[in-house]
Amino acid sequence: MIRTSCVTAAAGLWTLAACTPAEPVRSLALLDGEITATTPDGYCVDQRASKPGDGFVVMAPCATLGAGDPAPGAIGVATVQVGPPDSGAVAGSETALRDLLESEAGAVLLSTNGEAEAITILNSQALDNAVTVHFTDTGNAPMAGLQGEEWRAFTDIDGRLVTVAVRGLATAPLQDGTGAWLLGLVMDGLLAAGGNEPETEPEA
């Protein structure tokens with residue numbers, strides 16, 4: 001879930017002069033440097049909301065965080081959550097995970113409120129060491145001001161389960177292709193200390 005932060009206000013108001021970090025941060029080492037998350041162009045790390053020691057990062061347009069950068073082409077909020085050691089469950093089980101997410105039990109996992117009936121799956125894909133799912137959630141948004149549509153991905157990096165989520169603003173929602181594109185950029189910015197990156201090629 002997205003923590004309260006500068007982004008919370010930015011989602012509703014877009015600009016927020018009071019939330020001005022000393023300098024923009026575009027790359028953050030998580031869990032003592034085991035995995036690094038690098039933001040897409042035009043995005044910065046929300047330092048107030050992110051918890052690198054817990055493997056959690058919030059990314060938002062730099063312009064909403066006081067960095068002064070021009071707004072990116074796709075405006076949204078992205079989160080990255082890295083799980084504990086040996087939590088990886090995607091590699092080798094991509095199809096099974098995709099099928100689970102399309103089930104009622106999977107809908108409960110995807111729902112912000114844990115309510116299966118709130119979830120409608122629009123698209124899902126099993127890739128090489130990655131599963132992506134595009135869905136709508138009629139429950140409460142994880143943060144005020146965000147749209148009900150979400151793009152989420154699961155992958156294993158260095159034996160840890162990594163979850164990436166992207167939503168646009170309720171007042172300027174992301175569309176299917178744009179949301180998937182932004183999700184892919186965030187995935188591409190993840191790197192383990194040993195250099196292992198998630199693959200994003202569809203399964204044969």
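Side chains included, hydrogens not; waters and symmetry mates left out as well; all remaining heavy atoms used.
Residues Gly83 and Leu31 share a closest heavy-atom pair of O-CD1, 4.3 Å. In plain terms, the two heavy atoms of Pro173 and Thr171 that are nearest each other are CD-C, 3.7 Å. The minimum heavy-atom distance linking Gly168 with Gln147 is given by the pair N-OE1, 2.7 Å. Summarising the geometry of Val108 relative to Ala116, their closest heavy-atom pair is CG2-CB, 3.8 Å, with the distance given to 0.1 Å. Between Leu174 and Gly179, the closest heavy-atom pair is CD1-CA, 4.1 Å. Residue Ala29 comes nearest to Thr36 through the heavy atom pair CA-OG1, 4.1 Å, listed as atom of the first residue, atom of the second, then distance.
From Met59, atom CE reaches atom CG of Leu65 across 12.0 Å, with rounding to the nearest 0.5 Å. Rounded to the nearest 0.5 angstrom, Thr136 OG1 and Ile119 CD1 are separated by 7.0 Å. Atom OG1 of Thr163 sits about 7.0 Å away from atom CD of Gln81, to the nearest 0.5 Å. Note: Thr120 OG1 to Leu110 CG = 11.0 Å, rounded to the nearest 0.5 Å. In this structure, the separation between CZ on Arg152 and CG on Leu101 is 8.5 Å, given to the nearest 0.5 Å. Between the OG1 atom of Thr64 and the CD1 atom of Ile75 there is a distance of 9.0 Å, given to the nearest 0.5 Å.
Judged as a ring-ring contact (aromatic ring centres under 6.0 Å, His included), the pairs with a partner in residues 137-156 (not counting sequence neighbours) are, in order, His134-Trp151.
Thr132 places no side-chain N or O within donor-acceptor distance of the main-chain N or O of Ala153, the cut-off being under 3.5 Å. Asn113 places no side-chain N or O within donor-acceptor distance of the main-chain N or O of Gly139, the cut-off being under 3.5 Å. Under a 3.5 Å cut-off, the side chain of Glu102 and the backbone N or O of Ile121 do not form any donor-acceptor pair. The main-chain N or O of Asn129 is found under 3.5 Å from a side-chain atom of Glu94 such that the two form a donor-acceptor pair. Panel note: side chain Thr39, backbone Val45; no donor-acceptor pair is recorded below 3.5 Å.
Placement of Val162 and Leu183 within a single hydrophobic cluster is found when ILVMFWY residues are connected by side-chain heavy-atom separations under 4.5 Å, directly or transitively. Leu190 and Leu182 fall within the same hydrophobic cluster, defined by Ile, Leu, Val, Met, Phe, Trp and Tyr side-chain heavy atoms under 4.5 Å apart, directly or through other members. Hydrophobic clustering (side-chain heavy atoms under 4.5 Å, transitive across Ile, Leu, Val, Met, Phe, Trp, Tyr) groups Tyr43 together with Leu28. Taken together through direct or relayed side-chain contacts under 4.5 Å among Ile, Leu, Val, Met, Phe, Trp and Tyr, Val90 and Met187 form parts of separate hydrophobic clusters. Leu122 and Val131 are members of different hydrophobic clusters when ILVMFWY side chains are connected at heavy-atom separations under 4.5 Å.
Taking the charged nitrogens against the carboxylate oxygens, Asp137 and Arg167 do have a contact shorter than 4.0 Å, which makes a salt bridge.
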Run the side-chain contact (heavy atoms from CB on, under 4.5 Å) test on Met143 and Val58 for me, step by step, so that the C-alpha distance in whole Å, both residues' side-chain angles and the decisive distance to 0.1 Å come before the verdict.
CA-CA 11 Å; Met143 184 179 74; Val58 177; over 6 Å; no
Mind running side-chain contact (heavy atoms from CB on, under 4.5 Å) on Asp156 and Leu161 for me, showing each step along the way?
CA-CA 5 Å; Asp156 293 345; Leu161 176 65; 4.0 Å; yes
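Between Ser50 and the options Leu30, Val80, Val57, a side-chain contact (heavy atoms from CB on, under 4.5 Å) holds for only Val57.
In this structure, the side chains of Leu169 and Leu146 come closer than 4.5 Å at one or more pairs of heavy atoms.
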